[in-house]
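This report refers to the structure that appears directly beneath it.
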Amino acid sequence: MRSLKRLLEEHNLTVEEYQRIKKILGREPNLVELGLYSVMWSEHCSYKSSKVHLKKLPTKGKYLIQGPGENAGVVEAAGKAVVFKVESHNHPSFVEPYQGAATGVGGILRDIFTMGARPVALLDSLHFGPLERPSNRAIMEGVVSGIAGYGNPVGVPTVGGEVDFEEEFSHNPLVNVMCVGIAEKDGIFYARAGKPGLSLVYAGAPTGRDGIHGATMASAEFGQETEHKKVNVQVGDPFREKLLMEATLEVMEKNLIEGIQDMGAAGLTSSSSEMASKGGVGVELYLDRVPLREEGMNPYEILLSESQERMLMVAKKGKEEEIKRIFEKWGIEAVVVGKTTEDRRFKAFWKGEPVADVPVESLAGDAPQYQRPYEKPEIDEREDPAWAEERNWQKALLKIISSPHMASRRWIYQQYDHMVQTNTVLLPGIGPSVLKIKGQKEAIALTIDANPAWGRANPKAAAVLTVAEAFRNLACVGAEPLGITNCLNFGNPEKPKVMGQFVETIEGMKEALEFFEVPVTGGNVSFYNETQGKAIPPTVVIGAVGLVEDYRTIPRPERVEEGMGIFLLGWTGKDLGSSVYLKAVLGQTGGRVPEIDLEKEKLLQQQLIRLVREGKVAYAVDLSPGGLLPNLAEALFHIDIGAELSFSTREEEAYFLFGESPSRALVFAPGELEADVPVLKLGTVKGQDLVAYINGRKKLDLPLKQLRRSWESLFPSLFDK
């Protein structure tokens with residue numbers, strides 16, 4: 001028989017937590033009950049290290065319908081409900097890249113249609129180790145294929161995202177996926193059980209052994225061996241997900257259910273106990289009724305399985321058979337597996353015999369909450385980036401745009417279907433994603449942003465800068481931000497330095513969001529992204545949603561014509577620290593992150609939105625990361641016309657051309673621009689070359705074709721066989 005110490009290690013529970021369980025129950029837990037607490041008290045499900053700090057974030061806003069605490073957040077846009085959230089699938093994607101990423105997509109899709117919304121868009125934030133290593137290329141290839149292999153068959157377009165590379169992600173890739181859905185404002189469903197005496201209906205795929213203790217795996221560091229963890233990774237079926245989605249939305253449309261929760265992390269345990277806890281009721285589960293995919297499964301495995309494509313619904317009284325018929329029509333099995341009760345206990349039975357009996361609240365509401373000790377992180381304040389080592393701006397530009405940090409991502413996004421549903425207005429790679437709301441001129445703008453290099457140097461400043469960048473991206477299409485979701489990715493929170501990074505990140509988010517008066521609607525914290533004691537850099541991923549007044553007039557590359565002016569709006573500082581220029585050109589990392597003045601940032605965004613809505617902007621581009629020159633070159637590739645630049649600058653040229661100062665935007669316009677921010681005319685859209693005279697001297701003269709070849713060369717050379 002296993003020792004208690006070994007048993008607790010296998011369940012990722014501390015001795016103190018075990019003693020707490022005993023006190024709650026007034027006895028020793030049996031093995032099934034220990035499994036329940038193991039998953040529900042895991043970091044992944046309980047947020048036991050982060051909840052006390054997450055409460056500091058602003059969650060009120062004029063467009064907010066539903067904030068944190070549900071499957072996804074909801075804001076109002078153009079009379080509709082926009083439902084959105086971002087989640088991580090980092091650990092599974094390292095262990096089994098294809099299925100880890102695919103099931104990450106499946107899980108976030110269910111979070112959205114569980115709320116009664118039809119998913120209309122996916123975006124992703126992907127971070128891998130350097131591509132020189134075959135193992136990192138294999139992980140990236142598997143992840144990209146997994147996202148495409150799930151999202152495309154389900155029929156939800158992947159419309160945007162980002163990909164970047166840092167050494168620390170070699171053994172801890174980040175796979176953060178955001179989904180957005182549209183619903184009627186009065187058509188939102190919640191994960192609440194309602195009242196006693198109602199049936200619990202299981203719908204979807206049969207339960208297998210895949211994913212058992214997946215939530216626990218996501219709440220621990222990795223050691224040297226990961227092969228044995230593959231049992232913790234779920235296996236997805238996108239075609240079944242499509243059918244499950246359509247059947248679920250039909251059941252909702254016919255108003256047949258009181259509450260609903262998808263069986264994600266911790267499976268049947270979390271879905272039933274969380275709905276019961278929110279509804280103030282108890283549950284009884286009859287596990288021998290659960291459809292099984294494998295023979296010989298026991299109650300422990302059934303309760304903890306994280307098999308994909310499964311839903312748990314609370315049926316309205318007398319509507320069970322109608323629910324079953326609708327799911328059967330879509331080829332999906334639906335079975336009554338339990339009921340809600342008055343006693344506020346979680347009870348599970350196997351062939352009539354009780355196997356678990358615990359207070360519902362102790363699982364879903366009373367997990368330990370820790371004020372973990374933390375240390376303020378060391379801030380990288382190095383100001384001298386040694387920019388003088390490279391004075392050839394042509395050479396520098398070619399190095400940057402052909403580097404993994406800025407090379408064309410076409411190889412990636414061409415694997416995704418981004419036009420299915422025919423709502424996509426702006427294609428991937430051009431800027432923030434814009435999606436039509438059918439039958440209306442208003443549209444929603446979407447973006448997802450992160451910068452681990454900033455997080456490594458200064459976590460608090462990185463959070464402020466990332467929020468500002470997300471809103472600046474939205475402003476480039478004239479969109480006002482409505483709300484954000486977030487995924488906060490860190491190492492082991494039991495280490496004071498890591499916890500300090502997290503606390504500082506929350507402080508930075510709080511500062512920025514309160515200043516912009518934009519709420520957090522929900523999100524995800526992913527801790528324990530650490531292998532053999534080496535953690536990832538603090539990485540805050542911000543997913544933002546904005547409102548476009550008229551999608552027909554938004555700035556886009558095809559609106560730019562030869563002879564139009566090229567303008568720089570905003571303020572340039574000495575911001576080469578932690579930049580792409582340092583990494584790609586000088587082979588350096590770190591340095592002081594860009595300084596931001598939020599008043600200036602807000603003013604720039606307001607002026608951009610005004611100019612766009614007045615029809616004075618043909619195309620607009622945010623300048624970080626990479627700075628002015630690389631982002632100008634990329635914009636010209638989309639426009640397919642060259643440029644002739646002639647301007648003077650007081651700043652050192654490296655700062656001006658490659659610095660990553662915030663509060664700046666590149667604007668292409670048919671006439672002169674007037675704004676309440678600095679405006680510098682850089683030159684004119686012209687010809688098929690990029691020519692630049694800076695301070696009276698010719699510094700650039702490159703054919704656009706040559707630049708484009710460099711930009712598009714990286715990924716095909718690495719991945720095409």
Side-chain angles (χ1 to χ4, degrees), residues 393-394 396-397 400-401 406 426 429-432 472-473 475-478 554-572 604-605 607-612 614-651 653-708 711:
W393 303 143
Q394 291 197 166
L397 176 60
I400 289 172
I401 64 173
M406 286 208 72
L426 282 187
I430 290 174
R472 194 162 59 248
N473 275 321
C476 285
V477 291
I554 61 168
R556 50 205 302 175
E558 55 266 37
R559 296 191 187 280
V560 180
E561 299 176 356
E562 190 150 359
M564 284 189 177
I566 305 170
F567 301 87
L568 176 65
L569 273 61
W571 297 265
T572 299
L604 173 79
Q605 293 178 21
Q607 293 298 297
L608 274 173
I609 292 170
R610 176 185 65 81
L611 290 168
V612 168
E614 289 176 358
K616 295 178 179 177
V617 175
Y619 184 36
V621 179
D622 166 44
L623 292 186
S624 57
L628 172 62
L629 201 53
N631 281 282
L632 170 62
E634 188 172 339
L636 294 174
F637 301 149
H638 298 309
I639 294 167
D640 202 24
I641 311 175
E644 188 170 292
L645 310 180
S646 180
F647 59 88
S648 297
T649 173
R650 295 177 186 175
E651 291 87 1
E653 290 176 11
Y655 291 124
F656 190 82
L657 298 175
F658 302 108
E660 297 183 1
S661 298
S663 313
R664 299 194 306 168
L666 184 68
V667 173
F668 298 82
E672 295 301 315
L673 288 181
E674 292 184 7
D676 294 332
V677 299
V679 178
L680 173 65
K681 186 169 184 179
L682 300 174
T684 306
V685 180
K686 183 178 180 181
Q688 284 297 310
D689 301 323
L690 175 54
V691 181
Y693 292 85
I694 305 173
N695 295 321
R697 298 180 61 187
K698 193 175 190 179
K699 295 294 182 75
L700 278 173
D701 190 351
L702 285 167
L704 205 58
K705 284 184 179 179
Q706 179 185 348
L707 283 165
R708 188 193 294 273
W711 181 60

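Checked against salt bridge (charged side-chain N to carboxylate O under 4.0 Å, His left out), Arg664 has no partners two or more places apart in sequence or in another chain. Listed by chain and number, the residues in a salt bridge (charged side-chain N to carboxylate O under 4.0 Å, His left out) with Arg610 are Glu614 (sequence neighbours excluded). Listed by chain and residue number, Gln605, Leu608, Ile609 satisfy the side-chain contact (heavy atoms from CB on, under 4.5 Å) test with Ala475 (two or more places apart in sequence, or in another chain). Shown here are the salt bridge (charged side-chain N to carboxylate O under 4.0 Å, His left out) partners of Glu651, two or more places apart in sequence or in another chain: there are none. Residues passing the side-chain contact (heavy atoms from CB on, under 4.5 Å) test with Pro703 are Asp689, Gln706, sequence neighbours excluded. Residues passing the salt bridge (charged side-chain N to carboxylate O under 4.0 Å, His left out) test with Glu672, sequence neighbours excluded: Lys681. Under the side-chain contact (heavy atoms from CB on, under 4.5 Å) criterion, Glu674 pairs with no residue, sequence neighbours left out.
Taking 4.5 Å as the limit, some side-chain heavy atom of Phe658 sits within range of a side-chain heavy atom of Trp393. Counting only heavy atoms from C-beta outward, the side chains of Leu657 and Thr649 never approach each other to under 4.5 Å. Considering only heavy atoms from C-beta on, Glu653 comes within 4.5 Å of Ile694 through its side chain. Counting heavy atoms from C-beta outward, Leu568 and Phe656 have side chains that approach closer than 4.5 Å. Put simply, the side chain of Phe668 does not reach to within 4.5 Å of the side chain of Val617, judged on heavy atoms. Within the 4.5 Å cutoff, the side chain of Asp701 has no heavy atoms near those of the Tyr693 side chain. Two residues are said to be in side-chain contact when any heavy atoms from C-beta on lie closer than 4.5 Å; Ile554 and Leu426 meet this criterion. Put simply, the side chain of Leu604 reaches to within 4.5 Å of the side chain of Leu569, judged on heavy atoms.
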Donor-acceptor contacts under 3.5 Å from residues 625-648 side chains, at least two apart:
from   : atom 1 : to     : atom 2 : distance (Å)
Asn631 : ND2    : Leu623 : O      : 3.0
Asn631 : ND2    : Pro625 : O      : 3.0
Asn631 : ND2    : Gly627 : O      : 2.7
His638 : NE2    : Gly429 : O      : 3.0
Asp640 : OD1    : Arg708 : NH2    : 3.1

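Contact between Ala620 and Val667 at its shortest, heavy atoms only, is CB-CG2, 4.2 Å. Taking every heavy atom of both residues into account, Cys476 and Pro555 meet most closely at O-CG, 3.6 Å. The two residues Gln607 and Val677 make their nearest non-hydrogen contact at CG-CG1, 4.0 Å.
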- Message: Please determine whether side chain to side chain contact (heavy atoms under 4.5 Å, CB included) holds for the pair Ile566 and Val685, giving the CA-CA distance in whole Å, both sets of side-chain angles, and the decisive distance to 0.1 Å.
- Response: CA-CA 7 Å; Ile566 305 170; Val685 180; 3.8 Å; yes

- CA sep, side-chain torsions, deciding dist, call: Leu666, Leu682, side chain to side chain contact (heavy atoms under 4.5 Å, CB included): CA-CA 10 Å; Leu666 184 68; Leu682 300 174; 3.8 Å; yes

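Applying the salt bridge (Lys or Arg N to Asp or Glu O under 4.0 Å) test to every pair with at least one member in residues 619-628, sequence neighbours left out, gives these pairs: Arg472-Asp622. For the salt bridge (Lys or Arg N to Asp or Glu O under 4.0 Å) condition, the pairs that include at least one residue of residues 558-572, sequence neighbours left out, are Arg556-Glu558.
Trp711 places a side-chain N or O within 3.5 Å of a backbone atom of Met406 that can act as its donor or acceptor partner.
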